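Worksheet: the structure to be examined is printed underneath.
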Amino acid sequence: MTKKFLTYSLLAFLVLIFTSCSKDMGALDPTYFSANPNPLVLRGGKVEATVTGKFPVKYFNKQATVTVTPVLKYAGGEVRGEQMTFQGEKVQGNSKIINYQTGETFSMPVSFDYAPAMAVSELYLDFDVVQKKKEYAIPSIKVADGVIATENLLSTDAGEIAPATIPDAFQQTIQQAQQADIMFLIGQANLRKSETQKETIVNLLNKIKNVQNEESQTINRIDISGYASPDGSYNFNQKLAERREGVAVDFMNNELKKLKASANIDSKFTAEDWDGFQRLMEQSNIQDKDLILRVLSMYQDPEQREVEIRKIATAYQTIAQDILPQLRRSRMNIIVDVTGKSDDEIMQIASSNPSALNVEELLYAASLFDGPNVKETIYKSVTELFPNDVRGWNNLGAAQFAIGKVVDGQKSLTKAASLNSKSPDLNYNLGLIALNDGNFSNAEQYLSKAAGTTGNLNKALGTMYLKQGNYNKAATYYGSDISNNAAVLQILNNNYSAAKNTLNSISQPTAKTSYLKAIVSARTNDRDGVYNNLRQTLQTDKDMAKKALTDIEFAKYFTDPTFLSIVK
């Protein structure tokens, strides 16, 4: 071999080495790249996927650094995700090294915060190369379409999760009671004239007379009880108490006859009034009071009690003088039903002159009207007339939230919190406001204090976890709930049979109900179901045609003539 030939061979080898190390890296084969899932899916407010790619054998320049950037492109904009950088074997750096001879497969996580414009989008990988002092780009590669945003069909408004109102204490009929005692001498049951002329007895009889003249009042019943004091033999006291009961019943029947009134009389007797004795002892300042009360707790037999109390000689004389006479009686108690304003009256007054109602009547009035707008007006009256009642402010906030006045509702609820921050209904409503705003931290804080609310706490918690992408936890709170939101969760969990049953069971279906049915049909290859349910959707809400036209759930129908005839 000549020296000249060796020189040419060495030159050719150096040229080959130089070109292999310095030439630009060309376009990559798109089949080397994929994304999972594809199409992209919204979950917990984010669009996440795993991209898998491959740098083929004898491709990656030993002196190059390649930065791979996921880019989600949509009409009017794009968003760039977290980059991953790779380097050739001769590059000094800390990035992952790709061997020129063998190439390598890689995977990278992709995550974007979702925005509605991303519903129609495409995921690309951008490749930026730095090779010695030269910078250039390898052609981008599309790896996925996006985004299936069915999770976004969740609703946090009052139509799906109703706010809670703190109930009123209004009673259409209330009861009033008035009582009087007929007192007797020791061992006697005769009715003394002086007792029948007492002020308390006269007032009781006047009450019966007045009820006769009031249309809104009726006597429910008259309770009469005869008593004997706990001194002497039990058998004697039993008969004595029974006689006192009868005397009082006869007296009341005679008086009712005079007044031409009628009433049911319930009567009974108590042989020895130990309960009354204990109550009077507790209220007294009698010497050895605590010792006597201890005797009552130690002994249940009435005769034994009397024996032990009589042993306390210093106190018994006072007991016989001050306590026992008060127990020799018959008590008459009249129960009167008082019927308040009718519903029609309350509604009329609430609309024309709310100040003429008390707070319970006004709160009750709001429950009689249909529609949150009227309720808002009435609850405003409550807050103006009774500004320190937490119920008015809470219920006003609930009504405002129900009609979409979220900011006003939050202000009203904040005022309510300044009056009583521990109210379960109030915390539930504040949780709904936070959930509606997407503030999950505040929503969880408020809802954790809402146990005992009149609202649907489980549905609120289920929706919160569903919005956060925690589908399993959401399912534990939804349980067997029948709602559009429950069906969304079942669709996202690929439980299409359950979703179909839920949607068919909704008593008042909406456009969203039939739209969700169309999605279930699309996912289960029920072409007629897609058509029919979309037709039903658009009969109720024509604006949803635009959504269906670009919803990736219906991607395989985008060129279908029947589908297009429905949604266009």
Side-chain angles (χ1 to χ4, degrees), residues 42-46 113-119 149-166 371-373 375-376 379-380 390 393-418 421 423-451 453-471 473-475 477-478 481-489 492 506 508 510-513 515-516 541 543-544 547:
L42 168 65
R43 179 163 184 159
K46 292 186 176 293
D113 291 330
Y114 181 75
M118 297 176 184
T150 301
E151 183 186 278
N152 231 28
L153 290 172
L154 281 172
S155 175
T156 56
D157 61 26
E160 183 68 28
I161 313 175
T165 56
I166 303 177
N373 289 290
K375 294 180 186 292
E376 180 193 21
Y379 287 134
K380 278 184 177 179
V390 66
W393 291 104
N394 174 83
N395 296 359
L396 174 60
Q400 289 168 327
F401 179 59
I403 56 179
K405 295 182 178 180
V406 179
V407 175
D408 290 341
Q410 187 167 21
K411 290 178 181 178
S412 298
L413 294 173
T414 300
K415 174 62 179 177
S418 71
S421 62
S423 164
D425 288 325
L426 171 60
N427 280 289
Y428 170 82
N429 289 335
L430 287 169
L432 295 189
I433 294 284
L435 183 60
N436 190 69
D437 290 340
N439 190 332
F440 302 126
S441 176
N442 281 355
E444 190 164 14
Q445 179 182 354
Y446 286 123
L447 293 176
S448 68
K449 296 184 287 187
T453 178
T454 59
N456 194 328
L457 181 57
N458 279 348
K459 182 180 284 191
L461 288 168
T463 302
M464 180 184 72
Y465 289 119
L466 184 47
K467 275 284 191 180
Q468 292 175 295
N470 192 337
Y471 297 168
K473 197 166 186 177
Y477 284 100
Y478 269 108
D481 182 60
I482 303 297
S483 66
N484 288 330
N485 277 3
V488 170
L489 173 60
L492 296 176
I506 292 176
Q508 294 181 314
T510 64
K512 186 178 291 185
T513 307
Y515 191 86
L516 289 169
D541 186 353
D543 291 339
M544 294 195 77
K547 176 175 178 56

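Because the structure is predicted, anything quoted here is derived from the model rather than measured.
- Side-chain atoms of Q400 and K380, non-hydrogen and from C-beta on, do get closer than 4.5 Å to each other.
- Judged by distance alone, the side chain of Q468 and the main-chain N or O of F440 form no donor-acceptor pair under 3.5 Å.
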For N458 and D481, what are the C-alpha separation, side-chain angles and deciding distance, and is it a side-chain contact (heavy atoms from CB on, under 4.5 Å)? CA-CA 9 Å; N458 279 348; D481 182 60; over 6 Å; no
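- Judged by distance alone, the side chain of N394 and the main-chain N or O of A164 form a donor-acceptor pair under 3.5 Å.
- A 4.5 Å side-chain heavy-atom check between Y477 and K459 finds every atom pair outside the cut-off.
- The backbone N or O of G45 sits nowhere less than 3.5 Å from a side-chain atom of K467 that would complete a donor-acceptor pair.
- Screening residues 437-450 for side-chain hydrogen bond (donor to acceptor under 3.5 Å, both in side chains), with sequence neighbours left out, gives E444-Y465.
- Looking at heavy atoms from C-beta onward, L457 lies in side-chain contact with Y428 at the 4.5 angstrom threshold.
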How far apart are the C-alpha atoms of T510 and Y515, what are their side-chain angles, what is the distance that settles it, and do they pass the side-chain contact (heavy atoms from CB on, under 4.5 Å) test?
CA-CA 9 Å; T510 64; Y515 191 86; over 6 Å; no
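- Atoms CG and CG, from L435 and L447 in turn, are 7.0 Å apart once rounded to the nearest 0.5 Å.
- Remark: K46 NZ to D113 CG distance equals 3.5 Å, nearest 0.5 Å.
- When all heavy atoms of F401 and I433 are compared, the closest pair comes out as CD1-CD1, 3.6 Å.
- Considering every non-hydrogen atom in both T156 and T463, the closest pair reads CG2-CG2, 4.0 Å.
- Side chains of V488 and L516 form a contact here, defined as non-hydrogen atoms less than 4.5 Å apart.
- Between E376 and K405 there is a salt bridge, since a side-chain N of the basic residue sits under 4.0 Å from a carboxylate O of the acidic one.
- Listed for the N427 side chain is a donor-acceptor partner under 3.5 Å among the backbone atoms of S423.
- For the residue pair N436 / D157, no side-chain donor-acceptor distance below 3.5 Å is found, with atom types taken as modelled.
- Between L466 and E151, the closest heavy-atom pair is O-OE1, 3.8 Å.
- Looking at heavy atoms from C-beta onward, I161 lies in side-chain contact with L432 at the 4.5 angstrom threshold.
- Shortest non-hydrogen contact noted between A451 and P424 is O-CB, 3.5 Å.
- With Y471 as the aromatic partner, R43 meets the cation-pi criteria of under 6.0 angstrom to the ring centre and within 45 degrees of the ring axis.
- Annotation for P372 and A402: closest pair CB-CB, 4.0 Å, computed over non-hydrogen atoms.
- When atom types are taken as modelled, the side chain of N395 and the backbone of I166 share a donor-acceptor pair closer than 3.5 angstrom.
- The nearest pair of heavy atoms linking L153 to K512 is O-NZ, 2.9 Å.
- Going from atom CG of L430 over to atom CD of Q410 covers 7.5 Å, rounded to the nearest 0.5 Å.
- Defined by atom type and a distance below 3.5 Å, a donor-acceptor pair is missing between the side-chain atoms of S483 and N485.
- Going from atom OG1 of T165 over to atom CG of L426 covers 12.5 Å, rounded to the nearest 0.5 Å.
- Taking CG of D408 as the start and CG of L413 as the end, the distance is 11.0 Å to the nearest 0.5 Å.
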